[in-house]
Amino acid sequence: FVPRETFPTTAALNWYPKHQVKALQQIQNGLHHVDLVIEVRDARIPFTSANPQFEQILAARHRIIVFSKADLAHPHHQPLIRAAFAKWAPRETVLFTESRLPPGTRARPAIRQLVRSIRELALADPARFPYLQALIVGLPNVGKSTLTNALRQAGATGGARKSAKVGPTAGVTTAIATRVKITSDPDIYLVDTPGILDPRALTRGQQTGGGSRGLTPDEALKLTVTGATNDAITDEIHAADYLLFRLNQIPALQGIYPALLGLPGPTNDIDTVLGAIGQRHRYTYFRPRGGIDVERAARHFLHMYRDGQLGRMTLDDLRPEAIE
Ligand SMILES: Nc1nc2c(ncn2[C@@H]2O[C@H](COP(=O)(O)OP(=O)(O)OP(=O)(O)O)[C@@H](O)[C@H]2O)c(=O)[nH]1
Ligand SMILES: [Mg+2]
């Protein structure tokens, strides 16, 4: 089997719902109440999931970067990301979480570490922080509400606690939530926000020289494959094909999907993959059109990756020579 060496890209994203614009304004307006920013990024795309807007707005504040979904990224991604930060941004606090917590489980060490880091910050300067308010920001679907809930559990301030709604698609949280208290003494509050996509995703194709560049098609596809955009309005078949292209490039992963789908071996043909998924799950169009519902099969394939079924794969290039 010889995997494809290149992937033909087309214009990709066109998704920037109104609630994101509103959320960004709210973040900007309410920012004087914020002592600490917890920026959640996807460990599978540690660099692509940075939003330059956050850099601008939040520059002067304390920041902790949390890489979520570490359980879905390549097992050895952590030392590479840590090394890159040690070299290029040594003052950043960087943590990794697998924040998916079944109800009732005890908080994982990374979550406890995060609570400790926040407390340390507050305790270091009690005059400045009689209490501390942290804002959680990040791309859509990156795991902000999941992290908020985990922190709330770990902080264990007691009493009944309502959970933030969590969901597998982008755009679940649509408004800035009321703050939740995660610890007392000192009081630490947390504010969950809706995911905000890099607006450069929008400017693609509309750019006429000068100004900031839009996202490359490759970056846009990574955002789609990891779930930061809404599948229904991006081209899900193109994204599924890109996923197939990336899986095939990794010898350890190129055998996983054929085994799951009953294919004889890896293939470069997305129609073969979608056909197998469609048949297995009986995804067919209604008559009179008939045939396999390939869009639905494509979404299924993307969800298999997002659920970790297709193996752990990091999409950003983490080799030191690729990071500048
Ligand atoms: N495997 C894995 N899944 C996670 C992790 N964190 C979150 N998820 C899943 O990712 C999806 C999105 O999680 P949310 O917490 O709703 O994400 P969000 O950033 O609040 O999303 P929006 O509110 O839409 O911006 C859900 O299906 C979560 O179960 C993680 O660390 N590992
Ligand atoms: Mg949310």
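Note that the structure is predicted; figures quoted are calculated from it, not measured. Hydrogens, waters and symmetry mates are skipped; everything else that's a heavy atom, side chains included, is used. Both ligands and their constituent atoms are indexed starting at 1 by order of listing.
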Quiz item: Does Asn141 bring an N, O or S atom to under 2.8 Å of the Mg ion (ligand 2)?
Solution: no

Exercise. Before giving the answer on side-chain contact (heavy atoms from CB on, under 4.5 Å), spell out for Ile196 and Val137 the whole-Å C-alpha distance, their side-chain angles and the decisive distance to 0.1 Å.
Key: CA-CA 8 Å; Ile196 296 172; Val137 300; over 6 Å; no

Exercise. Report yes if some heavy atom in the side chain of Leu36 is under 4.5 Å from a heavy atom in the side chain of Arg63; otherwise report no.
Key: no

Practice problem: Only heavy atoms count here, so choose which of Thr146, Leu147, Val137 is nearest to atom 14 (P) of ligand 1. | Solution: Thr146

Quiz prompt | Charged N-O contact under 4.0 Å between Lys69 and Glu98 | solution = no

Quiz item: What atoms of ligand 1 come closer than 4.0 angstrom to any heavy atom of Pro140?
Solution: 25 (O)

Quiz item: Is the shortest distance from a Lys or Arg side-chain nitrogen in Arg119 or Asp185 to a carboxylate oxygen in the other one below 4.0 Å?
Solution: no

Quiz item: So, do Glu39 and Phe67 sit near enough that their side-chain heavy atoms are less than 4.5 Å apart?
Solution: no

Quiz item: Is it the case that one hydrophobic cluster holds both Leu139 and Val166, taking links as side-chain heavy atoms less than 4.5 Å apart, direct or via other members?
Solution: no

Quiz prompt | Selected option - heavy-atom contact closest to atom 4 (C) of ligand 1, from Arg306, Lys69, Lys165 | solution = Lys69

Quiz item: Going by the order shown, which atoms of ligand 1 are within less than 4.0 Å of some heavy atom of Glu98?
Solution: 31 (O)

Quiz item: Does any N/O atom on Gly143 come nearer than 3.5 Å to any N/O atom on ligand 1?
Solution: yes

Practice problem: Just jot down the ligand 1 atoms closer than 4.0 angstrom to any heavy atom of Lys144, in number order. | Solution: 15 (O), 17 (O), 18 (P), 19 (O), 20 (O), 21 (O), 22 (P), 25 (O)

Quiz item: Looking at Glu295, His300, Arg299, which one forms a side chain to side chain donor-acceptor pair (under 3.5 Å) with Tyr283?
Solution: His300

Practice problem: Please determine if Ser68 has a nitrogen or oxygen closer than 3.5 Å to a nitrogen or oxygen of ligand 1. | Solution: no

Practice problem: Give the numbers and elements of all ligand 1 atoms closer than 4.0 Å to a heavy atom of Asn141. | Solution: 11 (C), 12 (C), 17 (O), 18 (P), 19 (O), 21 (O), 22 (P), 24 (O), 25 (O)

Quiz item: Counting both backbone and side chain atoms, is some N or O of Leu72 under 3.5 Å from an N or O of ligand 1?
Solution: no

Practice problem: Measure the acute angle between the ring planes of Phe129 and His62, then classify it against the limits of 30° and 60° as parallel, tilted or perpendicular. | Solution: perpendicular

Quiz item: Does Asp192, backbone or side chain, put an N or O under 3.5 Å from an N or O of ligand 1?
Solution: no

Self-check item: Numbered atoms of ligand 1 (with element) below 4.0 Å of Gly195, judged on heavy atoms
Solution: 25 (O)

Quiz item: Is any side-chain heavy atom of Lys181 closer than 4.5 Å to a side-chain heavy atom of Ile188?
Solution: no

Practice problem: Any atoms of ligand 1 less than 4.0 Å from a non-hydrogen atom of Ser145? List them with their elements. | Solution: 15 (O), 18 (P), 20 (O)

